[in-house]
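Worksheet for the structure shown next.
Remember, predicted model here, so these are calculated numbers, not experimental data. Because only heavy atoms are used, hydrogens play no part in the values below, and waters and symmetry mates are left out as well, while side chains stay in.
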Amino acid sequence: MGIFSAFVLFAMVWAMVFLIGLQVGQDTQGDRGERVPGTHVSSPAEFNLWRRVGIATAITLVLWVPLVWFIMSGTLGIDDLRRWTGRPEFGG
């Protein structure tokens, strides 16, 4: 795995973790009963973007390091995946 491939894997995992994390633990203005004029009731009451970015980055690192190790170890290859899905192996 090259450096660029590792970065792309990190970015993909980070995006998934971040988008899932946006929904977790969010209080809406309707939940608190404090609606700011001009906003929807389902708008977030408080939103700390940098805290959520930091949490997403930390979780991503915990998930990304074992993924990179697993890919780099060669435990699972493309031929193994093709065999599991019933497709013919390359060159065979």
Side-chain angles (χ1 to χ4, degrees):
M1 170 183 288
I3 293 174
F4 186 73
S5 299
F7 175 75
V8 169
L9 180 65
F10 183 86
M12 289 174 48
V13 173
W14 186 88
M16 287 189 291
V17 169
F18 181 70
L19 290 174
I20 291 169
L22 285 177
Q23 306 301 318
V24 175
Q26 188 67 273
D27 288 336
T28 64
Q29 292 179 14
D31 292 339
R32 293 189 179 180
E34 304 168 354
R35 184 170 167 263
V36 176
T39 62
H40 197 272
V41 178
S42 63
S43 299
E46 291 180 18
F47 186 75
N48 189 348
L49 178 65
W50 294 111
R51 179 175 167 265
R52 291 183 184 267
V53 167
I55 291 171
T57 304
I59 293 171
T60 301
L61 282 172
V62 169
L63 296 173
W64 179 74
V65 169
L67 275 173
V68 169
W69 174 82
F70 184 71
I71 292 169
M72 296 294 289
S73 71
T75 305
L76 183 67
I78 189 69
D79 288 334
D80 298 323
L81 293 174
R82 294 183 74 80
R83 203 172 312 119
W84 288 352
T85 59
R87 297 180 181 193
E89 296 180 19
F90 287 121

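- Arg35 and Gln29 make their closest contact through CA-OE1, 3.5 Å (heavy atoms, listed as atom of the first residue, atom of the second, distance).
- Grouping the Ile, Leu, Val, Met, Phe, Trp and Tyr side chains by contacts below 4.5 angstrom, directly or via other members, places Val65 with Val68.
- No more than 12 heavy atoms of other residues, nucleotides or ligands lie within 6.0 Å of CD1 in Ile3, so this atom counts as exposed by the packing criterion.
- Arg32 CZ: more than 12 foreign heavy atoms inside a 6.0 Å radius.
- A tilted orientation is assigned to the rings of Phe7 and Phe4, their planes being inclined by 30° to 60°.
- Hydrophobic clustering, with ILVMFWY side chains joined whenever heavy atoms are under 4.5 angstrom apart, keeps Met12 apart from Val17.
- Annotation: the span from Gln26 atom CD to Arg52 atom CZ amounts to 4.5 Å, rounded to 0.5 Å.
- Asp27 CG to Ser43 OG: the interatomic distance, rounded to the nearest 0.5 Å, is 13.0 Å.
- Aromatic rings from Trp14 and Phe10 are positioned such that their centres are separated by 6.0 Å or more.
- How far OG1 of Thr60 is from CD1 of Ile55: 11.5 Å, rounded to the nearest 0.5 Å.
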**Report entry** Pair Val62-Ile59, side chain to side chain contact (heavy atoms under 4.5 Å, CB included): steps then yes or no
**Finding:** CA-CA 5 Å; Val62 169; Ile59 293 171; 5.7 Å; no
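- In this structure, the side chain of Trp64 does not engage the main chain of Thr57 through any donor-acceptor pair within 3.5 Å.
- Here the straight-line distance linking atom CE of Met72 with atom CG of Leu67 works out to 13.0 Å at 0.5 Å rounding.
- Val8 and Trp69 fall into different hydrophobic clusters, where Ile, Leu, Val, Met, Phe, Trp and Tyr side chains are chained together by heavy-atom contacts under 4.5 Å.
- Judged as a side-chain hydrogen bond (donor to acceptor under 3.5 Å, both in side chains), and not counting sequence neighbours, Arg82 has no contacts.
- Minimum interatomic distance between Ser73 and Thr75 (heavy atoms only, all atoms of both residues): OG-OG1, 2.7 Å.
- A continuous path of hydrophobic side-chain contacts links Val13 to Leu61 [ILVMFWY only; heavy atoms under 4.5 Å].
- One hydrophobic cluster, built from ILVMFWY side chains closer than 4.5 Å, holds both Val53 and Leu19.
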